[in-house]
Enquirer: 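Sharing a structure here in structure tokens format.
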There are 2 protein chains.
Amino acid sequence: MTESGTAVRNTRQRSAVSALLAEVDGFHSAQDLHAMLRDRGERVGLTTVYRTLQGLADAGEIDVMRPPGGEHLYRRCSEGHHHHLVCRACGRTVEVAGPTVESWAERVARQHGYVEVSHTLEIFGTCPSCAG
Amino acid sequence: MTESGTAVRNTRQRSAVSALLAEVDGFHSAQDLHAMLRDRGERVGLTTVYRTLQGLADAGEIDVMRPPGGEHLYRRCSEGHHHHLVCRACGRTVEVAGPTVESWAERVARQHGYVEVSHTLEIFGTCPSCAG
DNA sequence: GCGTTTTTGACAATCATTCTCATTGTCGCG
DNA sequence: CGCGACAATGAGAATGATTGTCAAAAACGC
């Protein structure tokens, strides 16, 4: 029960979702993405969109954000670990890397004896355009 | 537009929720707290529990956490800004302060011209008891 | 006490997400 | 190349936490 059990199959729908995520910028909800696919003429069920997104998220290929608003937002973003700086007003997002934070979190957790450490961090603010 | 007239009234229900939060440890969902109040013999509507918790959260008297699981968890905790180190297995929580992170977030945001900066940060790990 | 204004609470409504399950599409293997 | 096992799909139902509604009750100033 280690690795090779998961036979992930290549389907039209999965490709469509991946392709869409590769093209659009910013975060989008599952329903949002579903609507876009529909506009493109791709017939993909909402359930499948959810499942595919979950799969991609588990695989670490996309990021999930849970804004206070309610719905989950998904986004394909750069590899590796990073965080997001999001504008409260227009949603404009900047990816930020924080080696400082990574090591801090790791250190603090270990000081308390916690292992297998992970963390979530989102920064919210008002971007220059919306503030001016 | 005389907005300064917000008269918050003292009610039995509000006190009950506050008192309960003062006694219990750890995070609890609204429904959880509602059930506890019921067991105590306090008759408080679920709607009221939600409203009271929201109010307390707005006032900064309690913390809200949104675990991936789904429901919001509320907890009365120490004053001031801090974060939580939560055990994935048993839920044991440690409050941690991170001046480093606070200033880092502020600095990064400002570098990008963002103002009115806030952030959310949760650290997850496996605590000593659960790991051993 | 009295009237005004907030608060309460039972219930309905909302809404994103998950579940169900019969059907369909993939892909390994002969 | 074709078969068959089994993952994947999808339409609709189900779930379940949270929010809205609104008449009735409680608090507070006077």
Side-chain angles (χ1 to χ4, degrees), chain A residues 1 3-21 27-59 61-75 91, chain B residues 1-21 27-59 61-75 91 120:
Chain A
M1 53 182 292
E3 18 47 90
S4 54
T6 316
V8 180
R9 295 185 180 173
N10 236 3
T11 66
R12 174 179 56 81
Q13 293 88 340
R14 193 177 297 265
S15 306
V17 173
S18 279
L20 178 59
L21 281 170
F27 283 93
H28 296 277
S29 67
Q31 320 238 4
D32 203 356
L33 293 167
H34 177 240
M36 290 189 216
L37 287 171
R38 207 177 206 183
D39 290 345
R40 284 184 165 207
E42 300 274 7
R43 297 218 294 57
V44 182
L46 178 58
T47 309
T48 301
V49 174
Y50 272 107
R51 262 188 307 233
T52 304
L53 289 172
Q54 259 175 40
L56 291 172
D58 285 349
E61 295 187 32
I62 60 175
D63 255 19
V64 189
M65 194 174 70
R66 308 166 99 281
E71 19 176 19
H72 297 189
L73 300 181
Y74 303 88
R75 182 193 192 190
Chain B
M1 35 179 84
T2 29
E3 72 289 336
S4 54
T6 313
V8 180
R9 294 184 181 176
N10 236 4
T11 65
R12 175 180 54 81
Q13 293 87 341
R14 196 178 296 263
S15 306
V17 173
S18 279
L20 178 59
L21 281 169
F27 283 92
H28 296 276
S29 68
Q31 318 238 3
D32 202 356
L33 292 167
H34 176 241
M36 291 188 215
L37 286 172
R38 207 176 206 184
D39 290 345
R40 284 185 164 205
E42 300 274 7
R43 297 218 292 63
V44 182
L46 178 58
T47 309
T48 301
V49 174
Y50 272 106
R51 261 189 307 233
T52 305
L53 289 172
Q54 260 176 39
L56 290 172
D58 286 348
E61 294 187 33
I62 60 175
D63 254 21
V64 189
M65 194 175 68
R66 309 166 101 277
E71 17 175 19
H72 297 190
L73 300 181
Y74 302 88
R75 182 193 193 190
T120 64

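Lettering of chains follows the sequences in order, A, B, ..., and the numbering in each one begins at 1.
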Enquirer: Can you tell me how far C1' of C:dT7 sits from OH of B:Tyr50, to the nearest Å?
Expert: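 Atom OH in B:Tyr50 sits about 19 Å away from atom C1' in C:dT7.
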Enquirer: To the side chain of A:Glu71, which of C:dT17, C:dG9, D:dT9 is closest?
Expert: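 So the nucleotide nearest the side chain must be C:dT17.
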Enquirer: Rounded to whole Å, please give me the gap between CG in B:Asp32 and C1' in D:dT18.
Expert: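 Rounding to the nearest Å, CG of B:Asp32 and C1' of D:dT18 are 16 Å apart.
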Enquirer: Atom NE2 of B:His28 and atom P of D:dA17: how far apart are they, to the nearest Å?
Expert: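 So the NE2-P distance, B:His28 to D:dA17, works out to 16 Å.
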Enquirer: Checking side-chain polar atoms at under 3.5 Å, does A:Tyr74 have a donor or acceptor matched by the opposite partner on A:Gln54?
Expert: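 Not at all, the side chains of A:Tyr74 and A:Gln54 share no donor-acceptor pair under 3.5 Å.
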Enquirer: Counting just side-chain N and O atoms, does A:Ser29 come under 4.0 Å of either OP1 or OP2 of C:dA16?
Expert: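 Answer no for this pair, as no side-chain N or O of A:Ser29 is under 4.0 Å from OP1 or OP2.
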Enquirer: Compare all side-chain heavy atoms of A:Gln13 with those of A:Arg43 and state whether any distance is below 4.5 angstrom.
Expert: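 SC-SC contact between A:Gln13 and A:Arg43 ruled out.
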Enquirer: What nucleotide among C:dT8, D:dT18, D:dA7 has an atom nearest to a side-chain atom of B:Leu46?
Expert: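 For the B:Leu46 side chain, the nearest candidate turns out to be D:dT18.
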Enquirer: To the nearest Å, give me how far apart NE2 (B:His34) and C1' (D:dA17) are.
Expert: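 Distance, rounded to whole Å: 14 Å.
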Enquirer: Between D:dG10 atom P and A:Arg12 atom CZ, what is the distance in whole Å?
Expert: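 Rounded to the whole Å, the gap is 6 Å.
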Enquirer: A:Val17 versus A:Leu33: any side-chain heavy-atom pair under 4.5 Å?
Expert: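 Not in contact.
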Enquirer: Tell me whether A:Arg40 at atom CZ has more than 12 heavy atoms from other residues, nucleotides or ligands lying less than 6.0 Å away.
Expert: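 Yes, because the 6.0 Å sphere around CZ of A:Arg40 holds more than 12 heavy atoms from other groups.
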Enquirer: If you only use heavy atoms from C-beta on, which nucleotide in C:dT17, C:dG9, C:dT20 is closest to the side chain of A:Arg51?
Expert: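 Among C:dT17, C:dG9, C:dT20, the one nearest the side chain of A:Arg51 is C:dT20.
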Enquirer: Among D:dT18, C:dC27, C:dT7, which is the nearest nucleotide to the side chain of B:Arg14?
Expert: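 Of all the options, the side chain of B:Arg14 is nearest to C:dT7.
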Enquirer: From CG of B:Asn10 over to C1' of C:dT5, roughly how many Å is that when rounded to an integer?
Expert: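 After rounding, the reported distance stands at 16 Å.
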Enquirer: Go through D:dA8, D:dA17, D:dG10 for me and flag the one nearest to the B:Gln31 side chain.
Expert: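 In terms of side-chain proximity for B:Gln31, the closest of D:dA8, D:dA17, D:dG10 is D:dA17.
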Enquirer: Which sits closer to the 5' end of DNA chain C, B:Arg9 or B:Thr48, going by the nucleotide each is nearest to?
Expert: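 Per heavy-atom nearest nucleotide, the more 5' residue is B:Arg9.
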Enquirer: Think A:Thr11 has a side-chain N or O under 4.0 angstrom from the OP1 or OP2 of D:dT9?
Expert: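 Yes, within the criterion.
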Enquirer: D:dA17 P sits how many Å from B:Arg66 CZ, rounded?
Expert: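 Roughly 14 Å, once rounded to whole Å.
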Enquirer: Please state how far atom CZ in A:Arg43 lies from atom C1' in C:dG25, giving the value in whole angstrom units.
Expert: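 My rounded result for the distance is 14 Å.
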Enquirer: Check this one for me: any side-chain N or O of A:Gln54 less than 4.0 Å away from OP1 or OP2 of C:dT18?
Expert: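 Yes, such a contact exists.
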Enquirer: Just do the side chain to side chain contact (heavy atoms under 4.5 Å, CB included) check on B:Thr11 and B:Thr48 with the steps written out, would you?
Expert: CA-CA 11 Å; B:Thr11 65; B:Thr48 301; over 6 Å; no
Enquirer: Identify which nucleotide among D:dT18, D:dC28, D:dA5 has an atom closest to any side-chain atom of B:His72, counting heavy atoms from C-beta outward.
Expert: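 In terms of side-chain proximity for B:His72, the closest of D:dT18, D:dC28, D:dA5 is D:dT18.
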Enquirer: Between B:Gln13 and C:dT7, is there a contact of a side-chain N or O with OP1 or OP2 at under 4.0 Å?
Expert: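 False: B:Gln13 side-chain N/O out of range (4.0 Å or more) of C:dT7 OP1/OP2.
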Enquirer: So do the side chains of A:His28 and A:Met36 get within less than 4.5 Å of each other, counting heavy atoms only?
Expert: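 Touching, per the 4.5 Å side-chain cut-off.
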Enquirer: With the side chain of A:Val44 defined as its heavy atoms from C-beta on, choose the nearest nucleotide among C:dT7, D:dG10, D:dC6.
Expert: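 Closest nucleotide to the A:Val44 side chain: D:dG10.
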Enquirer: Where the side chain of B:Thr47 is concerned, which of C:dT8, C:dT5, C:dC11 is the nearest nucleotide?
Expert: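 Comparing C:dT8, C:dT5, C:dC11 against the side chain of B:Thr47, the answer is C:dC11.
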